[in-house]
Asker: 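Dumping the structure here so I can ask a few things about it.
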Amino acid sequence: MLNEKVAALLNEQIVKELYSAYLYLDFSNFYKEKGLDGFANWYRIQAQEERDHALLFFDYLHNNSEKVTLGAIDAPGVKIVELGDALREGLKHEEYVTGLIHTIYAAAKEVNDFRTMQFLDWFVKEQGEEEKNANDLITKMELFGSDARSLYLLDQELGARVYAAPSLVLD
């Protein structure tokens, strides 16, 4: 049985991860409307990843005999005008999610919940990768985004991304 506070935070994280998926689907939609199918693809895959992260938390709770309570998912509240807006908002959002993961980790550590800490280790590493990827996209956009040919090549690069489901073994 998980600690009540830890279980509540894990339940909340499911909704936060689903919100992330919804946010990235909104970003994908923005880029699709702008004719940047590669950027749209990149964020659509991000949405798939976030959905799968939510399912990892879902499964972890069930595998530990905890009740899963699904909450409402807010509509994305990010205003995107310029091509780089979604990239910058994506980085801010990933930094926010990193903070959420750290909060759950700290709560688990406080009650010596080593199993949950071990489960979260993967997410801690994943968030580092997510922040790096978001930073890299911003850097590339700043370097190449103002040149149409370079933007085309960057869009082609992002269009080549394929989805790979996370491989995390749950207890």
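Quick note: numbers below take in every heavy atom, side chains included, and nothing from hydrogens, waters or symmetry partners. What you see is a predicted model; the values in this text were computed from it and never measured.
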Asker: Given side-chain contact (heavy atoms from CB on, under 4.5 Å), test I101 with V124 step by step and report yes or no.
Answerer: CA-CA 7 Å; I101 298 296; V124 170; 4.0 Å; yes
Asker: State the CG-CD distance between L100 and E95, to the nearest 0.5 angstrom.
Answerer: 12.5 Å
Asker: Is any side-chain heavy atom of T116 closer than 4.5 Å to one of N3?
Answerer: no
Asker: Could you tell me the separation between the CG atom of N41 and the CG atom of D155, rounded to the nearest 0.5 Å?
Answerer: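 Output value for this atom pair is 9.0 Å.
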Asker: Apart from Y152 itself, what residues make up its hydrophobic cluster, given side-chain heavy atom links below 4.5 Å?
Answerer: L153
Asker: When you compare the side chain of F30 with that of D85, does any pair of heavy atoms fall below 4.5 Å?
Answerer: no
Asker: Identify the two heavy atoms, one from Y43 and one from A86, that lie closest to each other, and give their separation to 0.1 Å.
Answerer: OH-O, 3.6 Å
Asker: How many angstroms lie between atom CD1 of I138 and atom CD of E142, to the nearest 0.5 angstrom?
Answerer: 7.0 Å
Asker: So if you build clusters from Ile, Leu, Val, Met, Phe, Trp, Tyr with side-chain heavy-atom gaps below 4.5 Å, do L25 and L87 land together?
Answerer: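 Hydrophobic grouping puts L25 apart from L87.
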Asker: So which atom in G77 and which in Y19 form the shortest heavy-atom distance, rounded to 0.1 Å?
Answerer: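 Closest heavy-atom pair between G77 and Y19: N-OH, 3.6 Å.
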Asker: Roughly how far, to the nearest 0.5 Å, is the CD atom of E130 from the CG atom of L91?
Answerer: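 It comes to 11.0 Å.
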Asker: Please give me the minimum heavy-atom distance between A7 and L61, naming the atom from each residue.
Answerer: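 Smallest heavy-atom distance, with atoms named: O-CD2, 4.1 Å.
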Asker: Heavy-atom distance under 4.5 Å between the side chains of W42 and L137, does that happen here?
Answerer: yes
Asker: Test your reading of the model: is there a side-chain donor-acceptor pair from D37 to the backbone of G159, 3.5 Å cut-off?
Answerer: no
Asker: Less than 4.0 Å between a side-chain N and a carboxylate O, is that true for E66 and R115?
Answerer: no
Asker: Listed by chain and number, what are the ring pair (Phe, Tyr, Trp, His ring centres under 6.0 Å) partners of F39, not counting sequence neighbours?
Answerer: Y31
Asker: Check step by step if side-chain contact (heavy atoms from CB on, under 4.5 Å) holds for M141 and L83.
Answerer: CA-CA 9 Å; M141 180 61 93; L83 295 179; 3.9 Å; yes
Asker: Is there a side-chain contact between L10 and I14 in this structure, where contact means two heavy atoms from C-beta onward sitting under 4.5 Å apart?
Answerer: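 No, their side chains stay 4.5 Å or more apart.
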Asker: If you apply the rule side-chain contact (heavy atoms from CB on, under 4.5 Å), what do you find for N64 with M1, and how did you get there?
Answerer: CA-CA 6 Å; N64 285 278; M1 194 99 170; over 6 Å; no
Asker: Give a yes or no on whether the backbone of K67 and the side-chain of N11 come within a donor-acceptor separation of less than 3.5 Å.
Answerer: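 Confirmed, N11 side chain pairs with K67 backbone.
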Asker: For the residue pair Q13 and E17, confirm or rule out a side-chain donor-acceptor distance under 3.5 Å.
Answerer: yes
Asker: Quick one: sort the Y60 and F119 rings into parallel, tilted or perpendicular, breaks at 30° and 60°.
Answerer: parallel
Asker: Minimum heavy-atom separation for A40 to S28, with atom names?
Answerer: O-OG, 2.7 Å
Asker: Is I80 reachable from Y96 through a run of I, L, V, M, F, W or Y residues, each pair having side-chain heavy atoms under 4.5 Å apart?
Answerer: yes
Asker: Check salt bridge (charged side-chain N to carboxylate O under 4.0 Å, His left out) between E126 and all other residues, then give those that pass, not counting sequence neighbours.
Answerer: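 For E126 there are no salt bridge (charged side-chain N to carboxylate O under 4.0 Å, His left out) partners, ignoring immediate neighbours.
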Asker: Hey, are the side chains of E50 and L18 touching, using non-hydrogen atoms and a 4.5 Å cut-off?
Answerer: no
Asker: Between the side chains of E89 and K92, is the shortest nitrogen-to-carboxylate-oxygen separation below 4.0 Å, so that they form an ion pair?
Answerer: yes
Asker: Can you check whether N29 reaches E33 side chain to side chain, under 4.5 Å on heavy atoms?
Answerer: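 Side-chain contact under 4.5 Å: yes.
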Asker: What is the distance from atom NZ of K34 to atom CD of E82, rounded to the nearest 0.5 Å?
Answerer: 8.5 Å
Asker: Are F57 and H53 close enough that their ring centres sit under 6.0 Å apart?
Answerer: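 No, they do not, as the ring centres are separated by 6.0 Å or more.
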Asker: Assess whether a salt bridge exists between D136 and K132, defined as any Lys/Arg side-chain N lying under 4.0 Å from an Asp/Glu carboxylate O.
Answerer: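 So D136 pairs with K132 through a salt bridge.
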Asker: Report yes if the distance between the aromatic ring centroids of F27 and Y24 is under 6.0 Å, otherwise no.
Answerer: yes
Asker: Group every Ile, Leu, Val, Met, Phe, Trp and Tyr by side-chain heavy-atom contacts under 4.5 Å, then state whether F114 and F123 land in the same group.
Answerer: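 In one cluster: yes.
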Asker: Is there a path of hydrophobic side-chain contacts, each under 4.5 Å between heavy atoms of I, L, V, M, F, W or Y residues, that connects V111 with L2?
Answerer: yes
Asker: Is the count of non-hydrogen atoms from other residues, nucleotides or ligands lying under 6.0 Å from E4 atom CD greater than 12?
Answerer: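 Atom CD in E4 is not crowded, with 12 or fewer foreign heavy atoms closer than 6.0 Å.
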Asker: For side-chain contact (heavy atoms from CB on, under 4.5 Å), just list the numbers for L158 and L36, CA-CA rounded to whole Å, side-chain angles, deciding distance to a tenth of an Å, and then say yes or no.
Answerer: CA-CA 9 Å; L158 298 178; L36 292 168; over 6 Å; no
Asker: Answer yes or no: is there a donor N or O on one side and an acceptor on the other, between the side chain of Q127 and the main chain of E94, under 3.5 Å?
Answerer: yes
Asker: Below 4.5 Å, heavy atoms only, C-beta onward: do R44 and K32 meet side chain to side chain?
Answerer: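 Of all side-chain heavy-atom pairs linking K32 with R44, none is under 4.5 Å.
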